[in-house]
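Everything on this sheet refers to the single structure shown next.
Residue numbering restarts at 1 for every chain, and letters A, B, ... go by the order of the sequence lines.
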Protein chains: 2
Amino acid sequence: MDKFTERRGQLAASALKTLSELGYARTSLREIAQNSEFSHGVLHYYFTDKVDLITFCVREYKIECATRYDDLVAAATSASELRTGFAAAMAETLCEEPHMHRLWYDLRNQSLFEESFRKDALEIDQVLQDMIWRIVSRYAELASTPLTVTPRTAYAMFDGVFQLALLHQLAGHEDAAGNLQDDVVRVLDSLFLVS
Amino acid sequence: MDKFTERRGQLAASALKTLSELGYARTSLREIAQNSEFSHGVLHYYFTDKVDLITFCVREYKIECATRYDDLVAAATSASELRTGFAAAMAETLCEEPHMHRLWYDLRNQSLFEESFRKDALEIDQVLQDMIWRIVSRYAELASTPLTVTPRTAYAMFDGVFQLALLHQLAGHEDAAGNLQDDVVRVLDSLFLVS
DNA sequence: GCAACATCTTGACACTCGTCAAGACTTTCT
DNA sequence: AGAAAGTCTTGACGAGTGTCAAGATGTTGC
């Protein structure tokens, strides 16, 4: 039973890899199995359903997301340090893990069509929003400026610039990461200047 | 040959309807045909491919998008009028055409995985960015404030808040449209207050 | 060693998919 | 009217899908 959950995680990792490469629309259970060391039938031993498998994957993914910038927030001693560090970290994950990010956007989009994914998508969205808010509120603290924006709005703005940067990054535009860095700085500043 | 292009448009409309209801992943040619008054074989008479059909659809969709807020921009006589009008118009299309919007996001996301869609997605994205920029620059003109943001950044921010609002709208959150309206006003203001 | 259980493979099933070809129906032209 | 071109339907094909059951293989306990 310990081995059971371990293997579930192992298969979920293979599924995440496949999904991030092919996208939701073209990912099949056989393809997932081929990206693991097992045959396709085993997936129905560890997961009841295809939906069950993907839902489990999404939850696994969530854990990885939640704490991506937490070290940064904890370590920053000044507002400008946090600002540039955050911008650099976003640009880095854009370059290093673009496939995982496009997978997340793909699954979140699927939740717009299939209700079975909606709950998890909204939950992860909330986690990401909290993550952004920790950065933003810490920044306000360090800069001693009042916050005039809601967590939702702040998250939406950063999500927008990141998603657009991802599109250009995967399209081969070499300035995508640099532009993202500029945008993040600009957006972060703009949050505190609203009257 | 005139009838030919007319029927292509007719079938493309059926395809758009199907895509907006089911999403890219679950849309088949037979389903598209069933949403038209023809049988499934006819699609290969008017389109060489499934990719050809969907590409054509996306182009059709683009035309509808390009001018959505142009009347608003032309009619506005003051900054605050443009601001509230823009926010209201976004909230309205969020409520009226959520399925078309989720389709656009779905197809743009597909372009992150399938290169065949990338060119069209980037092209439409540019059209949308220009559309936003017409509003933003006109607003700056009316308010006599200098613009300190790039078209790309401005578009990314509005796209972010709209996409998040769409997610909550389709999830049944009744305050989605109202929140979007607030966010749009806030984002628009923040564009001009960056030092 | 043997039985009981857990794990995994194999192969099949019913179904859907994109594609295409053969032919029926409709329209147009002479 | 009859031929020719255009338009549409039907049915089939090979491939791929999720699902599941039967059995092979591996592991554990006595």
Could you check whether [Y] and [X], counting side-chain N and O atoms only, form a donor-acceptor pair closer than 3.5 Å?
X	Y	value
A/Asn35	A/Ser14	no
B/Asn109	B/Tyr24	no
A/Asp159	A/Tyr105	yes

Regarding C/dG18, can its base be found pairing with the side chain of B/Arg30 as donor and acceptor, where the two atoms are less than 3.5 Å apart? yes
How many whole angstroms separate atom [atom1] of [X] from atom [atom2] of [N]?
X	N	atom1	atom2	value
B/Glu31	C/dT16	CD	P	10 Å
A/His40	C/dG11	NE2	P	10 Å
B/Tyr46	C/dC20	OH	P	18 Å
A/Lys3	C/dA6	NZ	P	12 Å
B/Phe47	C/dG18	CZ	P	14 Å
A/Glu6	D/dT27	CD	C1'	15 Å
A/His44	D/dA22	NE2	P	16 Å
B/Leu53	C/dG18	CG	P	10 Å

Ring-face cation of A/Arg26 near B/Phe113 (centre distance under 6.0 Å, axis angle within 45°): no
What nucleic acid atoms does B/Tyr45 come within less than 4.0 Å of, heavy atoms only: base, sugar-phosphate, or nothing? base
Which part of the nucleic acid, if any, lies within contact of A/Ser28, taking any heavy atom under 4.0 Å across all strands shown: a base, the sugar-phosphate backbone alone, or nothing? sugar-phosphate
Any Lys/Arg nitrogen of B/Glu64 or B/Arg68 sitting under 4.0 Å from an Asp/Glu carboxylate oxygen of the other? yes
Side-chain atoms of A/Leu29 come closest, of D/dT19, C/dT7, D/dT7, to D/dT19
Which nucleotide in D/dT7, D/dT9, C/dT19 has an atom nearest any side-chain atom of B/Phe38: D/dT9
Where each residue is assigned the nucleotide of DNA chain D containing its nearest heavy atom, which of B/Ser39 and A/Asp49 is assigned the position nearer the 5′ end? B/Ser39
